[in-house]
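Just so we're on the same page: letters track the sequence lines, and every chain starts at 1. Atoms considered below: every heavy atom in the structure, side chains included; atoms not considered: hydrogens, waters and symmetry mates.
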There are 4 protein chains.
Amino acid sequence: MARPPGGGAARPARAPPASGAPARPGHARQGSRGATVATPHTRRGDTRRRIQDAALSLFVQQGYEKTSLREIAEQLDVTKAALYYHFRTKEDILVSVFQDLARPLDDLIAWGREQPPTLETRRELLRRYSAALDEASPVFRFVQENQAAVRDLSVGETFKKRMFALFELIREEDAPLSGQVRAISALFTIHAGTFALRDIEGDPEEKRAAILEVALDLITAADGGGTAGRPG
Amino acid sequence: MARPPGGGAARPARAPPASGAPARPGHARQGSRGATVATPHTRRGDTRRRIQDAALSLFVQQGYEKTSLREIAEQLDVTKAALYYHFRTKEDILVSVFQDLARPLDDLIAWGREQPPTLETRRELLRRYSAALDEASPVFRFVQENQAAVRDLSVGETFKKRMFALFELIREEDAPLSGQVRAISALFTIHAGTFALRDIEGDPEEKRAAILEVALDLITAADGGGTAGRPG
Amino acid sequence: MARPPGGGAARPARAPPASGAPARPGHARQGSRGATVATPHTRRGDTRRRIQDAALSLFVQQGYEKTSLREIAEQLDVTKAALYYHFRTKEDILVSVFQDLARPLDDLIAWGREQPPTLETRRELLRRYSAALDEASPVFRFVQENQAAVRDLSVGETFKKRMFALFELIREEDAPLSGQVRAISALFTIHAGTFALRDIEGDPEEKRAAILEVALDLITAADGGGTAGRPG
Amino acid sequence: MARPPGGGAARPARAPPASGAPARPGHARQGSRGATVATPHTRRGDTRRRIQDAALSLFVQQGYEKTSLREIAEQLDVTKAALYYHFRTKEDILVSVFQDLARPLDDLIAWGREQPPTLETRRELLRRYSAALDEASPVFRFVQENQAAVRDLSVGETFKKRMFALFELIREEDAPLSGQVRAISALFTIHAGTFALRDIEGDPEEKRAAILEVALDLITAADGGGTAGRPG
DNA sequence: TATGAATGAGGCTTCATTCAT
DNA sequence: CATGAATGAAGCCTCATTCAT
């Protein structure tokens, strides 16, 4: 019977995306692939990827619930049935996008666990998180704006776990409550700030720097103890 | 029919149901009514309110898109058509809930505009915002978790405007970028912190205090300038 | 129990519209009553009439099926329930309008039956029919445009019978087929011509005259026999 | 999905179902297919056509508004959703039926425009119109009986335009008013006569002939001027 | 003489999904 | 590698109607 791939693990033989190699940098428009080294075949076997791209793009634009498979298919000029050749369900598309795009976060957490739990580690975590956000931005934004929809999707649980893990790495276990809050706040500052500042004036790079600065201050103050935002 | 109550604002003069008085304090659980003064609660004529309560409750639990009018009706043991007697559309239910529940935020903004733009005013704004959040929490949580769904609902625009107005009051117009970020961050700390800390240990009142403390520090530091978290 | 009148025959005591007196001439806009002698009470007990007027007006504008009781009620600034105080069903409203407005046609048929079946009688029937159409135009137009909708309403059967009766009076029983067709054609010319020529140029009175002239010619030719349009 | 067949005109190149060829002659009863050349009628792939047939049949029987998609679907033993696979809306079904069936009228108009505007042309137009009516009868009858319903459907405008075009061809531009009326009357005689005489005695072919004769007389008289119905 | 509240049926439409080809 | 055809469930909404007050 038709539909060999589709499954989570059982990918078709062709081009197993394997570890983490091609990384998909831009992810900007549908069908985007490598940047410098142009992949020659314009549309050959990359349908799966194109679906992911289109789906994410629409999910981000309109929300998960409000995006129908019809729309995704239409945007790609493919039939709905084609989507089902590549993915088992609508949720599966989302999951697959996450598997690819949330890796930076996984890597970050893995890295964090290997470091000593010093202030500098925590600061570096924030720096790296900020950078990661810049890259994988769509997924994060998607999660932020679709919390309710995503809550009882497998992806929701996954994501929550990761954020919590990150939080665990960033806070100082036995700091006072205000310290914990500062840690969370640092995280949120990066997270939400990134999106909130979009609508506001200024050079993107400068803005990112400012956000990071504030977050670092927060974490530093957290370390110092309750004297709020003042390490010294 | 000629004048169903469902109309936006222009309610008919007669039959003034809850023309502003009882303010609905808790609104936490479905069907919750007055706290101190026992409202008789005749279960007749309060259907409109019951719909609002049930709807909000479900919207918060499952998200706006995933909550169907059928569910709302079933929960109230009423037909769907009954909902349509009281409200013109699904969105209208949401809007009406907002009209009632977002007032604290409006009041806060109004108050803020009458004050001199001093640091102390900004601090007081944060304090009051924190208190308001505690009360109207469901609506705010709803907005936070349903951003995508709410984006192209009239309610979305409204809410965004209000948040922006609040931001305008809280930031110092010509502070450096990092100051602006700190202002936003203070707001988010209260906002998101309130929800994020729910899943975490500790006494609610203490947590609120800690969150507020951090936010106040942020705004204070913002005032001091770029020296991040350190006013002096 | 409420709802004393409503029924077809059992009208409330107040102002039994009785025979055919007030005739309702203009029927132009909602609430129109006598022309010269202004009825003083602007809105007292005439609700029944106002409903009929509004209903007919909407039925004509939008069609019977597409006009809802809500719309009628809204236009009168009354509740739907009020309509049900005056009429038992939606169809009843239509029926009542017909009862009042189709009388000219009944009278015409009655008159025709008392006359000798001469050509001149037939010609006079057409003349009077043309005049009747001008007055009761809305109902006729309504029937013409809502044939499908009206077909299985009691009103449909009634109307069909009347038109057939008129046809019987106008045709010459044992004329050749083409004569019969000419008779029908004469009727249709008046009927449809009245509506079709609306969108076209010219003075209304002149147009009516022209239509009548053609119809009279047709009936005259019909009388002459098969020699098509030539009496002599 | 990407390209459902339901699209208005721009059908995809492949899968050209009925791209103009078989013209669907009778279309009288539901499911009727070709007459002389036995179409295999595999009951597979002809669903679109079957929908059109069933729909027209029901539209004619009960009227457009009173025919629900449920009924259509039930009659075909298909789900409502199946209808939506083939057509985008209820109106679309109607439109598609028209596109196929109103062509004879279009052709007639096109032909008329190429002829010199002589009396004989006008007479031939009537003859051909009478023949066309006989064939595409259901659609015309449908329009006649559902004027109100069809008025604000795209199909209504279209049809009106066509009838007006035909009228323009048939009348003599600068004839006196009565001449114009005669032209319209000729059209209506064919149009309405065709339906009105159904309920009446006699051989169909004879009836058609009689109707045509009267119409031709009318147009001839129109040409002669005001002497109504008399060619000589 | 009406209204307020509600109902049950049904309308059109869309969705995620399936499966033979 | 994909399409064409279809389904069952459900969505939002509107309608004519009822009945206690």
> Return the value, rounded to whole Å, for the distance between atom CD of Glu65(A) and atom C1' of dT14(E).
14 Å

> Indicate whether OP1 or OP2 belonging to dA5(F) is found under 4.0 Å from a side-chain N or O atom of Tyr85(D).
yes

> Please determine, for dT13(E), whether a Watson-Crick or G-U wobble partner exists with both distances under 3.5 Å, and give it or none.
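The base-pairing partner of dT13(E), which may sit in any strand shown, is dA10(F).
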
> Report yes or no: is the cationic atom of Lys66(B) (NZ for Lys, CZ for Arg) under 6.0 Å from the centre of the six-membered ring of Phe59(B), at an angle within 45° of the ring normal?
no

> Any side-chain N or O of Arg70(B) below 4.0 angstrom from OP1/OP2 of dC12(F)?
no

> Need to verify one output field. Residue with the more 5' nearest nucleotide on DNA chain E, Ala82(C) or Thr67(D)?
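With Ala82(C) and Thr67(D) compared, the 5'-side residue is Ala82(C).
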
> For the side-chain contact (heavy atoms from CB on, under 4.5 Å) test, which of Leu56(D), Leu153(D), Val155(D) pairs with Phe98(D)?
Val155(D)

> Looking at Tyr84(B), does any N or O in its side chain come under 4.0 Å of the phosphate oxygens OP1/OP2 on dC13(F)?
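So the side-chain polar atoms of Tyr84(B) do come within 4.0 Å of the phosphate oxygens OP1 or OP2 of dC13(F), strictly under.
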
> Nearest of dC12(E), dT17(E), dT7(F) to any side-chain atom of Val78(D)?
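Minimum distance to the Val78(D) side chain belongs to dT7(F).
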
> Just N and O in the side chain of Thr47(D): are any of them under 4.0 Å from OP1 or OP2 of dA6(F)?
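Looking at the OP1 and OP2 atoms of dA6(F), one of them is under 4.0 Å from a side-chain N or O of Thr47(D).
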
> Expressed in angstrom and rounded to an integer, what is the separation of Asp77(B) atom CG from dA5(E) atom P?
18 Å

> For dA20(F), which nucleotide is its Watson-Crick or G-U wobble mate, given both distances must be under 3.5 Å?
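The answer is dT3(E), by the H-bond criterion.
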
> Atom CG of Leu76(C) and atom C1' of dT3(E): how far apart are they, to the nearest Å?
15 Å

> Would you check if the side chain of Glu145(A) reaches a backbone N or O of Phe142(A) as a donor-acceptor pair within less than 3.5 Å?
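No, the answer is negative, given that no donor and acceptor are paired below the 3.5 Å cut-off.
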
> If you pin Ser68(A) and Lys80(B) to their nearest nucleotides in DNA chain E, which one's is more 5'?
Lys80(B)

> From NE2 of His86(B) over to C1' of dT3(E), roughly how many Å is that when rounded to an integer?
14 Å

> Nearest to the Thr79(A) side chain among dA2(E), dT17(F), dT3(F), which nucleotide is it?
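Selected nucleotide: dT3(F).
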
> In whole angstroms, how far is the C1' atom of dA16(F) from the CG atom of Leu83(C)?
11 Å

> In whole Å, what is the span from the NZ atom of Lys66(B) to the P atom of dA10(F)?
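It is 14 Å, rounded to the nearest whole Å.
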
> Return whichever of Tyr64(B) or Glu91(C) has its heavy-atom-nearest nucleotide of DNA chain F closer to the 5' end.
Tyr64(B)

> Can you check the Glu71(C) CD to dT17(F) P distance for me, whole Å?
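Glu71(C) atom CD is separated from dT17(F) atom P by 15 Å.
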
> Separation of Glu74(B) atom CD from dT7(E) atom C1', in whole Å?
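Computing the Glu74(B):CD to dT7(E):C1' distance gives 15 Å.
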
> Using a 4.5 Å cut-off on heavy atoms from C-beta on, say whether the side chain of Val95(D) contacts that of Phe87(D).
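A side-chain contact is absent here, since even the closest heavy-atom pair is not under 4.5 Å.
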
> Centre of Tyr64(C)'s six-membered ring, under 6.0 Å away, within 45 degrees of the axis: is that where NZ or CZ of Lys90(C) sits?
yes

